[in-house]
Amino acid sequence: GAGVSQSPSNKVTEKGKDVELRCDPISGHTALYWYRQSLGQGLEFLIYFQGNSAPDKSGLPSDRFSAERTGGSVSTLTIQRTQQEDSAVYLCASSLVLLGNSPLHFGNGTRLTVT
Amino acid sequence: AQSVTQLDSQVPVFEEAPVELRCNYSSSVSVYLFWYVQYPNQGLQLLLKYLSGSTLVESINGFEAEFNKSQTSFHLRKPSVHISDTAEYFCAVSDREGAQKLVFGQGTRLTINP
């Protein structure tokens, strides 16, 4: 079946502009996660959803970052007034259930470049 | 809070040589442990996991990792590597209870030289 799909695959934007990153999880997966991968920084947890609810927003770097999930499926990560330090690969992952032992299935990411 | 330390950012080895990628974690609770792999131009995928039972776990492509509770380690090993093993490897930990997120290490880039 289809894996986790992210769009766009690449996004170049000017500093100060808003961007929206989209994630389509695997059908039937109730949990959805957003991570950020910066060069030499590993994977930084941003936020997770159980259904449409985001119980833990502690990983969002600033109030310029927000995310939502609708219909227990598609999720959008929005970055307002982008800054150069926001440049990174944004990864989305989904898992069947929200349990620590449930493997994550990752998309190929959106590479964001802020100029 | 949990944390994961991968002690080597890059590991170059020759083909058919053995390799060990080190991972140590810090947690105040019991954990699940994972290794994920990212091949060039591909997304992350699960390589192997420790949930419970035998502390030695294996992947289908010859990697193995051993959970050592006393040393809080989960090192990844392979006795003989192949060119196709070139990738970035990430160690990750999650709580058995409580925080429902996976915490990753910074990754180790494994480069296999012919």
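Every value quoted in this text rests on a predicted model; they were computed, and no experiment measured them. The chains referred to below are lettered A, B, ... by the order of the sequence lines, with proteins before strands, and numbering in each begins at 1.
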Checklist entry - Would you say the side-chain atoms of A:N108 pair up with the backbone N or O of B:G43, donor to acceptor, closer than 3.5 Å? => result yes
Does atom [atom1] ([X]) have a neighbourhood of more than 12 heavy atoms from anything else shown, all under 6.0 Å?
{"X": "A:E14", "atom1": "CD", "value": "no"}
{"X": "B:R77", "atom1": "CZ", "value": "yes"}
{"X": "B:E20", "atom1": "CD", "value": "yes"}

Engaged part of [X] at the chain A interface, taking heavy atoms whose separation is under 4.5 Å:
{"X": "B:Q42", "result": "backbone"}
{"X": "B:Y36", "result": "side chain"}
{"X": "B:Q38", "result": "side chain"}

Checklist entry - With a 4.5 angstrom heavy-atom cut-off, which part of A:S58 approaches chain B: side chain, backbone, both or neither? => result side chain
Item to check | Contacting region of A:Q37 [heavy-atom separation from chain B under 4.5 Å] | outcome: side chain
With clusters defined by side-chain heavy atoms of hydrophobic residues (ILVMFWY) lying less than 4.5 Å apart, directly or transitively, does [Y] cluster with [X]?
{"X": "B:W35", "Y": "B:Y50", "answer": "yes"}
{"X": "B:F67", "Y": "B:L21", "answer": "yes"}
{"X": "A:W34", "Y": "A:V114", "answer": "yes"}
{"X": "B:Y25", "Y": "B:L47", "answer": "yes"}

Next on the checklist: Taking the side chain as everything from C-beta on, heavy atoms only, tell me whether A:Y33 gets closer than 4.5 Å to B:L102.
Outcome noted: no
Checklist entry - How many angstroms lie between CG in B:L44 and CG in A:L104, if you round to the nearest 0.5 Å? => result 9.5 Å
Checklist entry - Roughly how far, to the nearest 0.5 Å, is CZ of A:F45 from NZ of B:K101? => result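 So the gap between those two atoms works out to 5.0 Å.
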Item to check | Aromatic contact, B:F104 with A:Y35 (centres under 6.0 Å) | outcome: yes
